[in-house]
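Here is the structure we will look at.
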Amino acid sequence: MIKEWATVVSWQNGVALVSCDVKASCSSCASRAGCGSRVLNKLGPQTTHTLSVPSEQPLVKGQKVELGIAEASLLGSAMLVYLSPLVGLFAVGGLFQLLFATDLAAMCGAALGGVGGFLLARGLSPRLAVRDNWQPTILSVGLPPDELRVETLSSEAR
């Protein structure tokens with residue numbers, strides 16, 4: 001299970017709207033100057049993701065919750081998004097090279113296959129997204145922001 005903490009934005013009728021911060025993948029890396037991930041993270045304007053998660057327990061704005069999603073669903077969606085255009089690119093490019101025996105045909109076939117794979121992934125993703133095991137779930141709930149937990153040490157520990 002992959003876990004991440006999120007902040008509750010709102011809760012209504014058993015559905016919580018939560019916001020997750022996007023973390024840079026290389027914030028503690030020693031090779032910051034030559035890191036491609038760091039450059040890509042700076043380019044993207046989006047710093048938070050907002051999700052709707054079912055929650056039987058009433059939640060308040062600002063409360064922290066721990067979300068979890070199964071590794072299999074995350075890997076499956078990543079494979080769908082990244083591998084289907086790649087497989088389409090190589091398969092249709094190779095087929096066009098075999099049929100027409102020119103580099104221009106192979107290049108056009110590769111472009112068609114890549115776009116076709118992208119469109120296939122785009123068409124399948126809404127169907128897969130409604131599966132229960134592909135949805136994030138709330139694993140644990142933190143205290144509301146207006147409550148404070150104070151623990152005192154026993155007299156022996158002082």
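Starting from 1, each residue takes its place in the sequence as its number. These numbers were taken from a predicted model, which means no experiment stands behind them.
Side chains of T7 and K64: a donor on one and an acceptor on the other come within 3.5 Å.
A pairwise comparison of heavy atoms in T102 and Q97 identifies O-OE1, 3.1 Å as the closest pair. Here the closest heavy-atom approach between residue V15 and residue S52 is recorded as CG1-CB, 4.0 Å.
Under the 4.5 Å side-chain contact rule for hydrophobic residues, I138 and V8 share a cluster. In terms of hydrophobic clustering, with Ile, Leu, Val, Met, Phe, Trp and Tyr side chains grouped at heavy-atom distances under 4.5 Å, L59 and L17 are assigned to different clusters.
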Side chains of residues 66-82: which donor-acceptor partners sit under 3.5 Å, not counting sequence neighbours?
from, atom 1, to, atom 2, distance (Å)
E66, OE1, S140, OG, 2.9
E71, OE1, M1, N, 2.7
E71, OE2, M1, N, 2.4
S73, OG, A70, O, 2.8
S77, OG, S73, O, 3.2
S77, OG, L74, O, 2.9

List the atom pairs, with distances to 0.1 Å, where a side-chain N or O of residues 103-132 and a protein N or O form a donor-acceptor pair under 3.5 Å, not counting sequence neighbours.
from, atom 1, to, atom 2, distance (Å)
S125, OG, A121, O, 3.3
S125, OG, R122, O, 3.2

Might you work through the side chain to side chain contact (heavy atoms under 4.5 Å, CB included) test for V141 and Q63, ending with a clear yes or no? CA-CA 8 Å; V141 179; Q63 193 169 6; 3.1 Å; yes
Would V9 and V18 satisfy side chain to side chain contact (heavy atoms under 4.5 Å, CB included), going step by step from the backbone distance to the final call? CA-CA 5 Å; V9 176; V18 297; 5.9 Å; no
